[in-house]
Structure formats: structure tokens, C-alpha cells
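What follows is a short report on a single structure.
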Amino acid sequence: MEADILKPKKAYKTSKQLTVNSKQETSLNKAQQDNQNAAIFLSQFIGTSFGPKGLSKLRFNEHGDVFILQDCKTMLEKADFKHPVATMMRDLAKSLHAKWGDGSAAGVLLACSLIDRGFELAEKGIHPSKIVEGYSIARDESLSFLEKIKVNSSRDDIRKLILTFFSSKLEQEEAAHLTNVVCSAVSKLFRAGEFDAEMVKIIAKSGSSVFGSSVLSGMAVEAEVLSGRMPISISDARIAIVEELLDVRKTKFSSQVQIDSPKFLGALQNQEDIMVREQVKPIIDCGANALLTHKGIEEPALSMLVDAKILAVRRIGMIDLKRIAKASGATIVHSTKELTTSCLGSAASVQQKPLGDKKFIFIDDCKDPRAVSLILKSPFQRSANYLEELAMRALKIVGNFMKNPVLVAGGGAPEFALYEDLQKHALKFSGREQIAIQTFAEAMLSLVETLAKNCGMNPIDAITQFASLSKNGLPQINASSKLVEYPNGETVELLSMKKGAIASATEVANTILHVGNVYPARQVQPRQESEPDYP
């Protein structure tokens, strides 16, 4: 079906491959039929993966590599569909993914449903401009009505929010464990309602189950102790962080020194030792037993640090040094001359340990960390990378919650509530906009039906139960695939994300419905080298 629908057609000359039923008479032109069929295909392609019980996609390439895809944005990217509608849906998923961290599947499915149903109205004789006008009215009413059904929220709801997100991507037990890990990291970072996701370093490694994932009350960096003669583990660490190079300073200009006597060579070497000693002495004097630098540590500074039994690590990235400083309470200094006791950070331990196939420096058990590390584990590196992406998205969701801590019940509750409201709102209009608003409501209802179907429920029975329970509250499908009333289900989503998905999906659908014809760009033939540059 991909080959028939989502591959580009030359100038769209034929329509037999594009229509669902080529024998059926239609008033749509070939481009409109093609766009409608593409929307139908994409809806079926993404629909089976929607919700907490959605199915994954297995993709393989010509090299035999196998990929398990569980995210709408990734599915559309890896599928590499060439159709313009597919391209717009991929951009929609990327936009929602980048801004909110979630909601891409709901946005794409809503847009595809609006396109399909909109072209059905156009086929019945309603002009696309009237359909777009009705969709715009329905969108504005939806955004307004969502404000009426928002639920009270507090910082305690962060766990519900993260669990809702993970439950739609992972198995229930794995989702619960990762939720605890991420919530533990988030709780350590809250300072007067502020949250900086950059202060959470995520390390994903293979070789263990998901349940081996944990949060480190400090920082872990991929590095190793500079010398085998240094200690690889120290307790009650006093950490100094320096930017400069520990070596004889070189001038910006090249120079030559002419030595006429061996005694001058010894004097030169003594002078270099004195200069290096002046660099290392403040480190020893301030009481540091761990040194982390952004640049290098060269001889003879290395020998002096070994003699002082100081654990030293060099060439750590600045972002990691800033995180370590936040975690340990240290102050980053440019030169060792600026070091004082007050500049030192503290940690219960600093040690070198293997993680996966690499060596890491673990700065652990900081007293009041303002930066932490998430250690995520999975049997395979590919799945570990997927967990890393999910954790980053979960942190983005938390950041958006901190900016606007307003929630709505999830599990199909807002979509069904919008369906009922839009059905009533449509009666306020007497023109053809009324039909378009009702169609918008039906597109909302299709999301609930898809969610119920993927959870193993009968869609008709589920909608009937939704209608019955909605008289008393907000019914929703919980993570156990049962229909309950909020807050019993504890499934919540960001109000801002829900609004963003509806607004973006409507905009994309309106844009495609306004398209009357489609044609590929003319390919410009490369100019022959023999052709002159002038006419």
C-alpha cells in the first residue's frame, strides 16, 4: 500500500492507484483524492500504535538491521514516505515532539482524520473554504472548552504526568520503575519552583534490565584517573575544579633560547619546576584531594599530584564541569592561584568504576546536589538509547509543567468531552459551518475509538460507557485498559500540550484541504560544460 499511495507520482497523471475504490464516482480531483488516500493510510499506519497498549513497528533495512519503533515521530522519520501529506505530518510530529515532548501521535491522527472527513464533505458539495471556516470555529471552541475542564494540579501531580507518558511507551512495570527514577531525580533539583533539565545528565548503557536503572546523587562522567599511581577511590572528597592547563605556560609567540653552558640548562629546568610547583601548591594548600580540570595536566605537575595522593582527572567538558560544580557545591576557577578552601566542593566519595565497556568517574552522595545523573540500563544498547530519549522527553514535560502547571485528565477524557461540547456548539450555527463543526467533533471521537480499540475494548461499547459516565464526571481509559472516572484513573496530560496538538493539527488539515492541485517542481537540467555562460 505504501508503494501505491505514498510514493510520488509524476505530475499526478493517474488516479487508479490513489483511490480507495477506483470504480466509485467522485467529484474530487485527482490531487484531492491522492491527499485523502494518503491521510487514510497514515491514520491506519499510526493508529495501531496510539495509546498505552499500542503496537510497535518493526523496520528492517537492506543491510539486515532491525529496528523496533514505538514513537510516532520516529516511525514517520524511519518510514521515509515521500508524499507531501506524509512530509507535513512528519513535520507536525517533529514540532510537537520538540516543543512538548509528547502528543505527536494524537496530533497526527487528528490531522489525518480531519483531512479524510473534510474531503468527504467536499465530495458532497461543501466548498473547502466553508470546511476550513467550520474547522477554525471548532478549534477555537475546543481551546476555550479545555480551560473549563482543566483539573487542579500541584507538584505531586508530576509523578502522574510522568507515569502517563511512560505508560504509553513501555510495559506497565517498566514504566512504574522509570517513573520512580525520574521523579527521584526531579525532586532533588527543585529549588524554589525552578527546574533546569540540563542539570540532569543521562547515561544509557546496555548489559542489564530496565530495573537496574537508578539515580545518582551527584555526577558521573566518562573519564579515568590520570595515572595508575593515583588513588582510584577516595572518601570524604574535597573537589577542586580548574580550567587552566597545569604545565609550563607557553607564550603566544615562538621563541628560541640559546644555552652556552650545561649549568644554564639545569637552571632552566629548575625554573620550570618552580613555575609548575607554583601551580600545584595552591591545590595542596587548600586541602583538595580530588582535582578535575578542563585542560591537560602535564609532567612534572602530574608527579607532584601523585606524591600528594590527589586523584586527578583531566580534559572534562565544560558542561560536565558545571554539572559537577552544581552537584558538589564547588566553584570553578580559571587559575589555581584563585583556589581557596571555600572554592572546594564536597562528596561522600569520588571513585573510578566501569560502566558498560567504559570507565567512569562517579562523584556520589553529594549533600545538597543541584545536578544529578540518571543511569539507565537495558539489555541492548539500542533499547538503552531509546530509554535515554524517553527520559529526555519526560524531563521536557516536567519543564513545561513548571512553566504552566495546568493539567487535563487523559485517557480519552478531553477528546470525548470536546466531542459532546462541539456537537452542542454546532447547533448555534445555521450554515454549512454547522456540518464542519460536527465533523470536527467526530474526528475527536475517532481518537477515543482508536484508543479503546488498541486497549482491547470494543469501540462501540466503550463510547456507550463514555456517554453514560460523562453525565457525572470525566471518564477515561486508565493504564489497565479499564474505563473509570477521573481522578481514579490518575492519567493526566498537560493542558498546554493538548491545546498545542489540537491547534497544530487543525492548521495542517486546513492547509491541505485548501490545496486544489499538486505538481512536482520542474527538475532543472545541469548545464553542460561546453555551454557558454553568455547567451
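Numbers here are sequence positions counted from 1.
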Note: Glu77-Arg90 ion pair, threshold 4.0 Å (strictly below): no
Salt bridge present between Glu433 and Lys130 (N-O < 4.0 angstrom): yes
Results of salt bridge (charged side-chain N to carboxylate O under 4.0 Å, His left out) for Lys499 - residues two or more places apart only: Glu147
Residues which pass salt bridge (charged side-chain N to carboxylate O under 4.0 Å, His left out) with Asp320, listed by chain and number, not counting sequence neighbours: Lys201, Arg323
Within 45° cone of Tyr386 ring axis and under 6.0 Å: Lys169 NZ or CZ: no
Over-ring placement of Arg393 relative to Phe165, 6.0 Å and 45° cut-offs: no
Pair Lys188-Ser217, side-chain hydrogen bond (donor to acceptor under 3.5 Å, both in side chains): steps then yes or no: CA-CA 8 Å; Lys188 295 177 184 295; Ser217 296; 3.1 Å; yes
Residues Leu494, Val408; criterion side-chain contact (heavy atoms from CB on, under 4.5 Å); working and verdict: CA-CA 6 Å; Leu494 285 173; Val408 291; over 6 Å; no
To the nearest 0.5 angstrom, please state how far the [atom1] atom of [X] sits from the [atom2] atom of [Y].
X	Y	atom1	atom2	result
Lys326	Asp196	NZ	CG	7.5 Å
Ile115	Met89	CD1	CE	3.5 Å
Ser144	His425	OG	NE2	8.5 Å
Ile40	Asn35	CD1	CG	11.0 Å
Arg159	Asp157	CZ	CG	11.5 Å
Ser349	Asp364	OG	CG	5.0 Å

What pair of heavy atoms forms the shortest contact from [X] to [Y], and how long is it?
X	Y	value
Ala436	Leu121	CA-CD1, 4.0 Å
Leu178	Leu376	CD2-CD2, 4.0 Å
Ile203	Ala220	CD1-O, 3.5 Å
Ser104	Ala93	CB-O, 3.8 Å
Ser504	Leu96	OG-CD2, 4.0 Å
Pro475	Phe466	O-CE2, 3.2 Å

Does the side chain of [X] pick up a donor-acceptor pair with the side chain of [Y] at under 3.5 Å?
X	Y	result
Gln381	Asn385	yes
Thr87	Lys82	no
Ser206	Lys377	no
Asn510	Arg139	no
Asp102	His97	no

Does any non-hydrogen side-chain atom of [Y] lie less than 4.5 Å from one of [X]?
X	Y	result
Glu389	Met392	no
Val85	Leu42	yes
Leu163	Lys160	no
Leu109	Leu447	yes

Derivation of the side-chain contact (heavy atoms from CB on, under 4.5 Å) call for Phe360 and Lys353: CA-CA 6 Å; Phe360 278 74; Lys353 293 192 301 184; 6.0 Å; no
Under 3.5 Å: donor-acceptor pair, side chain of Thr164, backbone of Val492: yes
Any donor-acceptor pair under 3.5 Å from Gln33 side chain to Leu28 backbone: yes
For residues 412-422, dump all side-chain donor-acceptor pairs below 3.5 Å to protein atoms at least two apart in sequence or in another chain.
{"from": "Glu415", "atom 1": "OE2", "to": "Lys498", "atom 2": "NZ", "distance (Å)": "2.7"}
{"from": "Glu420", "atom 1": "OE1", "to": "Ser470", "atom 2": "OG", "distance (Å)": "3.4"}
{"from": "Glu420", "atom 1": "OE2", "to": "Ser470", "atom 2": "OG", "distance (Å)": "3.1"}

Leu407 and Phe401: CA distance, side-chain angles, deciding distance, side-chain contact (heavy atoms from CB on, under 4.5 Å) verdict: CA-CA 8 Å; Leu407 303 175; Phe401 175 81; 3.8 Å; yes
Check against side-chain contact (heavy atoms from CB on, under 4.5 Å), Ser214 and Val181: CA-CA 6 Å; Ser214 60; Val181 172; 5.6 Å; no
